[in-house]
> 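Following this message is one structure expressed as structure tokens.
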Amino acid sequence: MTLRLYNTMSRSLEEFRPVRPGKIGLYTCGPTVYNRVHIGNLRTFVWEDVMCRVFRALSYETTQVMNLTDIDDKTIRGAMAAGLPLREFTDRHIATFFADLNALGVVPATLYPRATDHIPEMVALVKKLAARGHTYESDGSVWFRIATFPGYGKLSKIDLSAVKRGARVADDEYDKEDVRDFAVWKVAKEGEPESATWTTELGRGRPGWHLECSAMSMKYLGETFDIHTGAVDNIFPHHENEIAQSEGATGKPFVNFWLHAEHLLVDGEKMAKSKGNFYTLPDLLEKAFSPRAIRYLLVSVPYRMKLNFTFDGLKAAASAVERLESLDLRLREREGRKGKEEEEISLKVNAPEAAGGDFAERVSAAHRAVFDSLEDDLNTAGALGALFSFVKATNVDLEAGHLSPADATAARGLLHEIAGNILGIMPSDAASGLASSPSKKSPSESSSESRDVDETWIDARIAARKAAKKTRDFKAADAIRDELLGRGIVLEDTPHGVRWKRKP
RNA sequence: GGCGACGUACCCAAGUGGUUAAGGGAAGGCUCUGCAAAAGCCUCAUUCGUCGGUUCGACUCCGACCGUCGCCUCCA
């Protein structure tokens with residue numbers, strides 16, 4: 001199987017070919033940092049994270065650049081409302097953005113360039129466009145003249161000739177020749193804060209939206225690079241304008257593969273603050289859902305499908321994650337790390353015919369099945385299906401005593417490789433920063449109080465309960481069980497002894 | 001109006017021109033257990049929105065229709 005990706009430009013599945021063998025240059029459209037990102041945003045960022053992990057697992061040396069758009073109308077408005085300098089205002093939102101990514105176990109991008117750190121690059125780009133005759137000035141602002149770029153509309157397939165050319169814009173803020181034209185440089189306006197104004201060769205003002213992505217992507221990835229992603233709403237006008245700016249300036253193809261994630265809906269509707277169905281990550285964590293369950297839900301629907309977010313779905317996701325963790329726990333016990341008591345029993349009971357080579361083959365078959373799905377346009381749902389098929393088969397073997405400790409180790413290896421390293425819904429060997437259990441604390445401030453009920457105390461209580469059971473004092477035993485439950489500790493009696501876990 | 005996505009069991013969802021239509025959740029049953037809980041197993045769509053067409057054969061290809069959602073203005 002080879003990697004195939006759905007290219008918005010061609011509207012078809014294409015075999016991926018990198019510009020430079022073995023390497024991938026990836027630009028993932030990042031947030032405008034004026035508020036807390038919502039779970040719809042996070043769906044896109046988590047998808048992009050999985051994409052990077054898959055690329056790296058396929059041995060592509062992947063450079064991921066994600067912009068932070070920290071200058072535009074919204075950030076200016078926000079800064080003014082907050083009474084803060086622009087930079088200070090956007091710093092705060094960048095901090096919560098990273099906190100959210102970290103809480104969901106997103107592996108950081110290679111680079112997070114900020115628009116305001118690239119004013120000179122943007123000015124240079126505008127000058128390049130001007131030199132090639134793509135711009136005009138009006139009232140001190142600089143506009144991109146769409147009419148000079150024949151390919152305009154090729155990504156979105158929107159036929160803008162339907163829009164009346166030369167029509168005076170209903171927009172009373174700016175003057176432009178053609179409704180389709182867009183600003184690459186906006187002249188400073190009355191009342192705009194000093195902190196959001198730059199004095200450059202283009203005058204006093206600020207860059208237009210779109211420009212930062214062209215300037216920064218080409219700076220860090222080259223004038224032609226492999227993959228550019230975002231959500232579907234970016235297709236027009238954002239990405240369309242990026243193409244115009246970039247190709248207008250260089251005369252070269254800008255991007256080879258355009259990938260776009262579908263939106264997340266809540267209860268079948270577009271998420272909107274006015275509808276009361278608007279959620280951020282802290283909103284969900286407060287409801288005691290684990291980051292892993294949230295991530296599972298986001299990953300369980302392939303990126304080109306709309307994802308209908310519901311709390312029922314989130315509960316289902318939490319259960320699915322527990323199934324994976326249960327298997328991991330059982331495998332760990334089979335590996336014999338949980339004490340000699342179990343060891344003796346297994347020796348007595350099983351004398352297992354180790355599945356050995358057969359089992360190794362099953363593991364690699366499962367691995368192949370998972371990657372067949374992932375390489376098919378990042379089909380995460382198919383990958384999960386393959387993973388869970390393996391989970392079921394492994395449970396059956398485990399139950400039948402057919403797994404040797406070495407088999408268990410191999411199975412755990414696969415589990416952690418796929419669910420951990422690739423999908424990020426279990427802890428991986430590489431530390432991912434993904435919290436294992438829900439907590440009331442927001443990811444930004446991780447006060448670790450109440451989290452740790454002392455383990456030696458738990459063990460002591462379990463021992464006491466065992467003693468009580470031995471004397472058939474079930475009342476006392478049950479009392480201890482309830483006591484532990486009250487502290488969030490769930491006991492499980494298994495044939496091999498008691499084990500416990502924290503209540504999810 | 002223009003562009004686009006989607007419609008598979010109670011919910012989520014993969015997938016294929018032709019042997020038994022993945023998987024997860026829920027539900028029911030069973031095993032285990034002092035009782036529980038947890039866990040594991042088993043069961044759970046003769047059928048893939050509707051109607052036509054192509055075909056020896058379609059859920060999968062084509063067309064129409066119905067329905068849901070989105071973009072076309074800021075938006076992940």
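Heavy atoms only: backbone and side chains are in, while hydrogens, waters and symmetry mates are out. Protein chains get the first letters and strands the later ones, always in sequence-line order, with residue 1 at the start of each.
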> Does this structure show an ion pair linking A/K469 with A/D473, if we count only N-O contacts that are shorter than 4.0 Å?
no

> Now, which nucleotide makes the Watson-Crick or G-U wobble pair with B/G18, with each of the two distances under 3.5 Å?
B/C56

> Taking atom types as modelled and ignoring hydrogens, do the side chains of A/T394 and A/D397 form a donor-acceptor contact shorter than 3.5 angstrom?
no

> Can you tell me if A/W47 touches the phosphate of B/A76, counting only side-chain N or O atoms and a distance under 4.0 Å to OP1 or OP2?
no

> For a quick test of reading the model: is some side-chain N or O of A/R304 closer than 4.0 Å to OP1 or OP2 of B/A5?
no

> Are OP1 or OP2 of B/G34 and a side-chain N or O of A/R465 less than 4.0 angstrom apart?
no

> With nearest nucleotide decided by heavy atoms, which residue, A/R472 or A/R11, maps closer to the 5′ end of RNA chain B?
A/R11

> What do you reckon, are the aromatic ring centroids of A/F257 and A/H228 less than 6.0 Å apart?
no

> Can you list the residues that meet the side chain to side chain contact (heavy atoms under 4.5 Å, CB included) rule with A/A318, with sequence neighbours excluded?
A/A293

> Heavy atoms from C-beta onward define the side chain here; which of B/G25, B/C42, B/G34 lies closest to that of A/K392?
B/C42

> Could you state the atom-to-atom distance from NE2 of A/H238 to P of B/C72 in whole Å?
14 Å

> I'd like to know if A/R368 pairs up with A/E361 as an ion pair, taking the criterion as any Lys NZ or Arg NE/NH1/NH2 lying under 4.0 Å from an Asp or Glu carboxylate oxygen.
yes

> Please determine if a side-chain N or O atom of A/R481 lies less than 4.0 Å away from the OP1 or OP2 oxygen of B/C35.
no

> Which sits closer to the 5' end of RNA chain B, A/P31 or A/F388, going by the nucleotide each is nearest to?
A/F388

> Suppose we call two aromatic rings close when their centres sit under 6.0 Å apart. Are A/H93 and A/F97 close by that rule?
no

> Can you run down the side-chain hydrogen bond (donor to acceptor under 3.5 Å, both in side chains) pairs that involve residues 377-392 of chain A, sequence neighbours left out, and say none if there aren't any?
A/Y303-A/D377, A/R304-A/D377

> So if I take every side-chain heavy atom of A/F474 and compare against B/A76, B/G34, B/G40, which nucleotide ends up nearest?
B/G34

> For a quick test of reading the model: is some side-chain N or O of A/K270 closer than 4.0 Å to OP1 or OP2 of B/C75?
no

> Of the candidate nucleotides B/A76, B/A22, B/C3, which contains the atom at the shortest distance from the side chain of A/S389?
B/A22

> Counting primed atoms plus P, OP1 and OP2 as sugar-phosphate and everything else as base, spell out the protein contacts along nucleotides 9-15 of chain B at 4.0 Å heavy-atom distance: B, S or - for each nucleotide, 5' to 3'.
----SSS

> Look at the side chain of A/N395 and decide which nucleotide, out of B/G23, B/C74, B/C41, has an atom nearest to it.
B/C41

> Rounded to whole Å, please give me the gap between NE2 in A/H260 and C1' in B/C71.
12 Å

> Would you mind telling me which of B/C75, B/G23, B/A39 lies closest to the side-chain atoms of A/W209?
B/C75

> Check if the side chain of A/D473 and the base of B/G34 share a donor-acceptor pair of N or O atoms closer than 3.5 Å.
no

> Does B/C51 have a Watson-Crick or wobble mate here (both distances under 3.5 Å), and if so which one?
B/G63

> With both distances under 3.5 Å as the test, what is the Watson-Crick or G-U wobble partner of B/C44?
none

